[in-house]
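This report refers to the structure that appears directly beneath it.
So that the names make sense, note that chain A is the first sequence line, chain B the second, and so on, each numbered from 1.
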Amino acid sequence: MDDKTPASDDLGATEREIITTRLEKAEALRALGVNPFGNGVTPRHLAADLHARYGDAPVEEIGRAPGAWSVAGRVLALRSFGKAAFLKVRDRSGELQVWVKKDKVGEKGFEIFKLLDVGDLVAAEGPATRTRTGELTLEAAHFTILTKATRPLPEKWHGLTDVEQRYRQRYVDLVVTPGVREVFVKRARMVSGIRRFLDARGYLEVETPTLHKAEEAGGATARPFETHHNALGLDLKLRIATELHLKRLIVGGFDRVYEIGRIWRNEGIDRRHNPEFTSIEFYQAYATHDDLMQLTEELCRGLAVEVTGGQVITFQGQDIDFTPPFPRVSMLGEAARALGLTADQALSGRGLAEALARAAGGLSDKAEAWKLAQAGGKTPGEAVAVAFEVLCEPKLPVDRPVFVVDFPLETSPLSRRRDADPRLVDRFELFAAGMELANAFSELNDPADQRARFEAQVKAKVAGDEEAMPFDEDYVRALEHGMPPTAGEGIGIDRLAMLLTDSPSIRDVILFPLLKPRE
RNA sequence: GAGGCGCUAGCUCAAUGGUAGAGCAUUGGCCUUUUAAGCCAGUGGCUGUGGGUUCAAGUCCCACGCGCCUCACCA
């Protein structure tokens, strides 16, 4: 095979033939004076412009004002009849049928057309009409090929069904798989909706470092990626959260800040986890976690309406009603109840180990039972969190988003203690469809308390907890300068996008999800 | 990290352990109102990779690779 064919050794004969033929057509186009990879052609219209102009107008009405339209896009289907053909052309706005006829486009235009393959990018100009089958159509007076596609698209009817290939070759997936493009359009609309929502409330969008020194890589419980700066000879970690820097900015006087950005966690991959994902964190001074609950309800309802058109969305067959207020479920209360204890007994640890063992004995799932029994050796707060996760989380309502409230102190190293009960913190998590979507709390701004919490984290790390936070001395120093009473929240953008686009896997809402290299 | 399932033509899929097939695409021919266009005739394969069992392996066994699902970890 000649040296113009890409990676010839890897090609089967069929594919080689297709590519070779298309490259020959590209040469033939050059012979006709058409650059098969030219540029400088700007269409004056979009497919949607014609649909908007004519709507359902009958052919006679279109004929009275057929216009002079100019569009460009990718050919998705080609039905040819010798001296005429119908093309399905798609641009960023939608699809439009283009009718190429020899007597309209002329000898040369038709010579160009004969070198067309499905997948090529073309430009067409001419009046609008409606064909006998009723489809709005651009009847080409001028036709040319702008870009020769040298590889074929997948089969027109079934498209690409191999999910691995869809993720690895997203450019093909976007062209041929119905709905994929819409998912990412919706995701973009969702993100811009969040920006508008917060901007309208006086928030400032900021950007904080993604390269963290070892002591900065906290703000969440997760294992970071490690990297290295050559010139500084400095080991660095990729951020696992934006939290600590954003709160430094609250100290600095930006009373309302948010950051939408990529974070990285060096952990497993599954339907709900990608190693890099996008979070939004926002912090509001002079607010409490109660204020943020209301804000979250308004935000989620608004996004549901904006992206799906209604307050009741459907996720994998399950209706979820985003009409506020969302139900509140007490982590402490429900966990204690499931254990047959009072809240005070659970928090003080009285009879807790026995209750955990009893509950574990009643479980058929051995892994879950083990997890529960192990919790007996932890602090009461940690045990309550485990008991809730094992015994209560599966029973959360499925037809509403749910706020889980009343978190124990021990699992919340950055949260402010509750005034009424310092064993608890003013924190909530938002759950929907079995996923944690958001996590928020009134922020701890007492530097001495924060110092103690960090010390506890360091102790846990020494004891083998790989996800415990490092001691961020500079963050404590910032608090010593005085952080106003503040509430903050983080939302998983990807998971919210899954929900609002009814996508079962996080890979369906990430354009290029991480996959192992082939071979 | 563990278990289950999958991997055959460019794409979508077939094939009791016995000569690897079809549709679409592609190539050639016919066709100026089609909607997965149609008709005729062709081309196209190291069956994910490497071992093994067998007279014979796409098929059975082992290992590996990649993916998906479930679980663990996690948001």
Side-chain angles (χ1 to χ4, degrees), chain A residues 10-22 24-25 59 76-88 95 97-105 110 113 117-119 129-135 137 139 149-169 172 176-177 219-223 240-241 263-281 365-368 370-371 389 429-431 434-439 465-467 490-496 498 504-507 513 515-519:
Chain A
D10 299 337
L11 301 180
T14 308
E15 191 177 14
R16 189 180 304 129
E17 180 193 353
I18 291 170
I19 292 172
T20 303
T21 304
R22 289 184 170 213
E24 286 166 2
K25 288 178 179 173
V59 62
L76 297 180
L78 171 59
R79 292 178 286 275
S80 176
F81 298 85
K83 295 189 182 64
F86 295 93
L87 281 50
K88 184 159 86 177
E95 293 174 1
Q97 179 162 268
V98 171
W99 192 2
V100 176
K101 292 190 284 187
K102 190 175 183 181
D103 58 353
K104 300 283 187 186
V105 299
F110 205 71
F113 162 76
D117 289 293
V118 172
T129 186
R130 193 176 292 286
T131 58
R132 196 157 66 196
T133 54
E135 183 160 350
T137 298
E139 193 175 358
T150 54
R151 281 183 185 274
L153 290 175
E155 198 230 1
K156 59 188 171 189
W157 187 242
H158 298 93
L160 258 195
T161 62
D162 178 354
V163 293
E164 180 176 355
Q165 231 182 108
R166 289 187 44 218
Y167 297 147
R168 287 188 196 278
Q169 295 169 27
V172 177
V176 302
T177 310
T221 53
R223 283 155 62 179
I240 58 171
I263 60 183
W264 294 266
R265 297 189 183 174
N266 204 341
E267 282 157 3
I269 298 177
D270 64 27
R271 218 173 60 224
R272 298 183 192 83
H273 300 84
N274 195 61
E276 53 179 319
F277 64 104
T278 303
S279 80
I280 168 154
E281 289 191 28
D365 187 315
K366 277 164 83 177
E368 296 281 270
W370 184 84
K371 206 197 274 182
E389 185 194 328
E429 285 187 349
L430 180 66
F431 279 80
M435 294 188 288
E436 184 193 329
L437 290 181
N439 178 24
D465 182 354
E466 288 186 77
E467 295 174 348
I491 300 176
I493 293 285
D494 311 83
R495 288 185 175 179
L496 194 56
M498 287 169 65
S505 169
I506 199 168
R507 296 180 204 93
L515 297 179
K516 278 194 182 184
R518 273 193 149 143
E519 288 153 346

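- For A:Ile18, the side chain to side chain contact (heavy atoms under 4.5 Å, CB included) partners at least two apart in sequence or on another chain are A:Thr14, A:Arg22, A:Pro152.
- Residue contacts for A:Asn274: at a heavy-atom cut-off of 4.0 Å it reaches a base atom on one of the strands shown.
- Within the nucleic acid shown, A:Tyr167 comes within 4.0 Å of sugar-phosphate atoms alone, with no base atom in reach, counting heavy atoms only.
- Among the protein residues, A:Gly159 comes within range of the sugar-phosphate backbone only, with heavy atoms under 4.0 Å from sugar or phosphate atoms but none that close to a base.
- If A:Arg130 and A:Asp494 are placed on RNA chain B by their nearest nucleotide, the residue sitting closer to the 5' end is A:Arg130.
- Atom P of B:A41 sits at a distance of 46 Å from the matching atom of B:U54, rounded to the whole Å.
- A:Lys102 meets the side chain to side chain contact (heavy atoms under 4.5 Å, CB included) test with A:Lys83, A:Glu107, A:Phe110; sequence neighbours excluded.
- Nearer the 5' end of RNA chain B, as judged by each residue's closest nucleotide, is the contact made by A:Ala84, out of A:Ala84 and A:Val163.
- Rounded to a whole Å, the CZ atom of A:Arg272 is 13 Å from the C1' atom of B:A72.
- Legend: residues meeting side-chain hydrogen bond (donor to acceptor under 3.5 Å, both in side chains) with A:Arg79, ordered by chain and number and at least two apart, are A:Gln97.
- To the nearest whole angstrom, the two C1' atoms, one in B:A37 and one in B:C31, are 11 Å apart.
- When both pairing distances are held under 3.5 Å, B:C68 makes a Watson-Crick or G-U pair with B:G4.
- Residue-level contact check: A:Lys104 touches neither bases nor backbone, having no heavy atom under 4.0 Å from any strand.
- Evaluation of A:Phe86 against the base of B:A37 yields no stacking contact (centre distance < 5.5 Å, interplanar angle < 30° required).
- As judged by a 4.0 angstrom heavy-atom cut-off over every strand, A:Asn439 is placed among residues making no nucleic acid contact.
- Judged as a salt bridge (charged side-chain N to carboxylate O under 4.0 Å, His left out), and not counting sequence neighbours, A:Glu436 has no contacts.
- Residue A:Glu368 is classed as a sugar-phosphate contact, given heavy-atom separations below 4.0 Å to backbone atoms only.
- At a cut-off of 3.5 angstrom, counting only N and O atoms as typed in the model, there is no donor on one side facing an acceptor on the other between the side-chain of A:Asp270 and the base of B:C69.
- With P as the reference atom, B:U16 and B:C60 are 11 Å apart, rounded to whole Å.
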Atom pairs under 3.5 Å: protein N/O with N/O of nucleotides 19-29 of chain B:
residue	atom	partner	partner atom	Å
B:C24	O3'	A:Lys156	NZ	3.4
B:A25	OP1	A:Lys156	NZ	2.9
B:U26	O2'	A:Glu17	OE2	3.3
B:U27	OP1	A:Lys25	NZ	3.1
B:U27	O4'	A:Glu17	OE2	3.2

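- Residue A:Thr161 places at least one side-chain N or O closer than 4.0 Å to OP1 or OP2 of B:U12.
- With sequence neighbours excluded, no residue satisfies side-chain hydrogen bond (donor to acceptor under 3.5 Å, both in side chains) with A:Asp465.
- Listed by chain and number, the residues in a side chain to side chain contact (heavy atoms under 4.5 Å, CB included) with A:Ala85 are A:Leu78, A:Ser80, A:Leu87, A:Phe113 (sequence neighbours excluded).
- B:U34 is unpaired under the Watson-Crick or G-U wobble criterion, no partner having all donor-acceptor distances under 3.5 Å.
- In this structure A:Thr129 satisfies the side chain to side chain contact (heavy atoms under 4.5 Å, CB included) test together with A:Val59, A:Trp99, A:Thr137, A:Glu139, sequence neighbours excluded.
- For A:Arg132 against B:U33, no side-chain N or O and base N or O form a donor-acceptor pair under 3.5 Å.
- Side-chain atoms of A:Glu135 stay outside donor-acceptor range of the base of B:U34, with no qualifying N/O pair under 3.5 Å.
- One P atom belongs to B:A15, the other to B:A9, and the distance between them is 15 Å to the nearest Å.
- Under a cut-off of 6.0 angstrom, the local environment of CZ in A:Arg223 is sparse, with at most 12 non-hydrogen atoms contributed by other residues, nucleotides or ligands.
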Distances under 3.5 Å between protein N/O atoms and the N/O atoms of nucleotides 1-6 of chain B, please, pair by pair.
none

